[in-house]
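Every chain is numbered from 1 and lettered A, B, ... according to where its sequence line falls, protein lines coming before strand lines.
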Amino acid sequence: MDVYAFYAFAAIAVLASLFVVVQSNPMHSVMLLITSFGALAGLYVLLDAPFTAVTQIIIYAGAIMVLFLFVVMLLNVPREEPAPPAISALLGPTGMRMGVVISLLLGVEIVWGLSRVGMASFPLGPSATTVSSVALIGSGLFTRHAFAFEATSILILVAMVGAVVLARRER
Amino acid sequence: MVPLNYYLILSGILFAVGTAGVFLRRNLITVLLSVEIMLNAVNLTFVAVGRYLGTVDGQIITFFVMTVAAAEAAVGLALVISLFRHRETLNPDAFTALKW
C-alpha cells in the first residue's frame with residue numbers, strides 16, 4: 001500500500017514538475033507547480049512528517065504560489081517570446097542545447113551518486129513517533145535553533161521592506 | 001516502507017528538472033518557479049534523511065528553507081515587476097545593461 005502511494009505521488013510530482021518546465025503558459029506552470037507541491041505533501045505524510053506536509057500546503061501551495069499567481073496576472077504576459085537567433089554553435093539553434101546537456105548531466109550524476117548509497121530501509125517502531133511529533137519540532141525550533149529562528153524573522157522583515165522598495169513606482 | 005534511496009533518487013530527478021527549467025526557459029517567472037522546484041527537491045531529501053536518522057532536525061531545516069523560499073519569492077517577484085516596468089518584457093536575455 002505504502003509502495004503504491006509512493007509511486008503515485010512520485011509520478012505526479014515528477015510529471016507536474018516536467019510540465020512546469022516544458023509548457024509555455026506561466027499561468028498553467030503555476031497551477032502545475034501547486035499540483036507537484038500537493039504530491040510532495042503526500043510524500044511527507046508517507047515519511048511520518050505531518051507537520052511538514054501541512055506547512056507545505058499552507059505556505060508553499062497557499063502563500064507563495066498565490067504570490068506568483070498574483071504577479072502572473074498583474075503582468076499579463078501569457079506567452080514566452082520566440083528564441084533569438086543562435087549566438088554560437090554550442091548554444092544551438094534555439095540556445096537550448098547546452099542547457100539540456102548540462103541538466104541531463106547533473107541528473108545522471110545525482111541519480112548515480114545517490115543510487116550508490118545502497119538500499120537503506122527506514123527504521124520502524126518508536127522512532128517513527130519521534131519524527132512525527134509536532135511538540136518535538138516546536139521545542140527543537142525554540143531551543144537549539146533559536147538563533148536561526150530569530151535570524152529568519154529578521155530575514156523576513158528585510159525581504160518585506162525590500163519587496164516594497166523594489167516594486168515601488170519611481171517618480 | 002519504500003527504502004531511503006528511492007526518496008533520494010526522486011529528489012535528484014526533481015532537482016535536475018528544476019535545473020533544466022532554469023537553463024532552458026526564457027521567462028523570468030518560470031525561472032523562479034524552477035528554483036522553487038529545486039528547493040522542494042532539497043526539502044524532500046532533508047525530510048527523508050531526518051526520518052531515516054530518527055530526528056526532527058530535517059523537518060526543522062525544511063521549515064527554514066520554506067521561509068527563505070518565501071523571502072526569495074517576494075524579493076524576486078518585486079524585481080520581476082520593476083524589470084518589466086523598465087523593458088516591457090520578461091525575457092532575461094533582454095536585460096544586458098551589465099553585460100560586457
Side-chain angles (χ1 to χ4, degrees), chain A residues 2-3 6 10 13-14 17-18 20-21 26 29-30 33 37 40 43-44 47-49 51-52 55 59-60 63-64 67-68 71-72 75 77 80-81 84 96 99 102-103 106-107 110-111 114-115 117 119-123 127 130-131 136-137 140-141 145 148 152 155-156 159 162-163 166-167, chain B residues 1-10 12-21 23-27 29-30 32-34 36-37 40 43-44 47-48 50-52 54-57 59-60 62-64 66-71 73-75 77-82 84-85 89-91 93:
Chain A
D2 260 9
V3 180
F6 172 81
V14 169
S17 305
L18 262 181
V20 168
V21 171
S29 287
V30 175
L33 197 57
F37 288 169
L40 279 170
L43 288 174
Y44 293 153
L47 283 168
D48 297 315
F51 175 73
T52 310
T55 44
I59 298 180
Y60 255 122
I64 299 182
L67 195 64
F68 272 97
V71 172
V72 169
L75 298 185
V77 199
E80 196 163 320
E81 291 173 18
M96 291 169 92
I102 290 175
S103 47
L106 179 78
I110 291 179
V111 170
L114 291 179
S115 60
V117 172
M119 288 292 177
S121 52
F122 288 103
S127 73
T130 312
V131 168
L136 274 179
I137 296 175
L141 199 57
H145 302 279
T152 306
L155 171 79
I156 294 214
L166 284 172
Chain B
M1 218 172 151
V2 179
L4 170 67
N5 60 344
Y6 281 32
Y7 284 96
L8 296 183
I9 289 172
L10 171 63
I13 292 170
L14 284 178
F15 194 87
V17 169
T19 320
F23 277 129
L24 297 183
R25 297 310 302 270
R26 270 187 214 81
N27 184 330
I29 291 177
T30 321
L32 282 176
L33 288 176
S34 306
E36 299 291 333
I37 296 176
N40 267 280
N43 276 351
L44 183 62
V47 174
R51 171 70 178 81
Y52 176 65
T55 85
V56 293
D57 285 354
Q59 294 181 57
I60 292 175
T62 301
F63 181 77
F64 289 131
M66 279 183 194
T67 35
V68 171
V75 175
L77 289 172
L79 280 172
V80 167
I81 289 176
S82 63
F84 186 78
R85 220 173 257 153
T89 177
L90 286 182
N91 189 344
D93 294 336

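- Here the closest non-hydrogen pair linking A:L67 and B:A73 is CD2-C, 4.1 Å.
- Using a 4.5 Å cut-off between heavy atoms, A:L33 contacts chain B through its side chain alone, with no backbone atom that close.
- In this structure, the portion of A:I110 lying under 4.5 Å from any heavy atom of chain B is its side chain and not its backbone.
- The contact between A:L18 and chain B is made by backbone and side chain atoms together, counting heavy-atom distances below 4.5 Å.
- For B:L44 against A:Y44, the heavy-atom pair with the smallest separation is N-OH, 3.6 Å.
- Considering every non-hydrogen atom in both B:N40 and A:Y60, the closest pair reads ND2-CZ, 3.4 Å.
- Interface residue B:Y52: backbone and side-chain heavy atoms are both found under 4.5 Å from chain A.
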Practice prompt. Decide yes or no on side-chain contact (heavy atoms from CB on, under 4.5 Å) for B:M66 and A:T52, but give the supporting numbers first.
Written response: CA-CA 10 Å; B:M66 279 183 194; A:T52 310; 4.2 Å; yes
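- Under the 30°/60° scheme for interplanar angles, the aromatic rings of A:F6 and B:Y7 are found to stand perpendicular.
- Looking at A:T152, the atoms closer than 4.5 Å to chain B (heavy atoms on both sides) all sit in the side chain, from C-beta outward.
- Counting heavy atoms from C-beta on, the side chains of B:F23 and A:V21 never come closer than 4.5 Å.
- Ranked by heavy-atom pairs shorter than 4.5 Å toward chain A, the options B:I13, B:L33, B:V68, B:N43 are led by B:L33.
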Practice prompt. List the steps and the verdict of side-chain contact (heavy atoms from CB on, under 4.5 Å) for A:F68 and B:E36.
Written response: CA-CA 11 Å; A:F68 272 97; B:E36 299 291 333; 4.0 Å; yes
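- For the options B:T62, B:D57, B:V75, B:I60, heavy-atom pairs under 4.5 Å to chain A are most numerous at B:I60.
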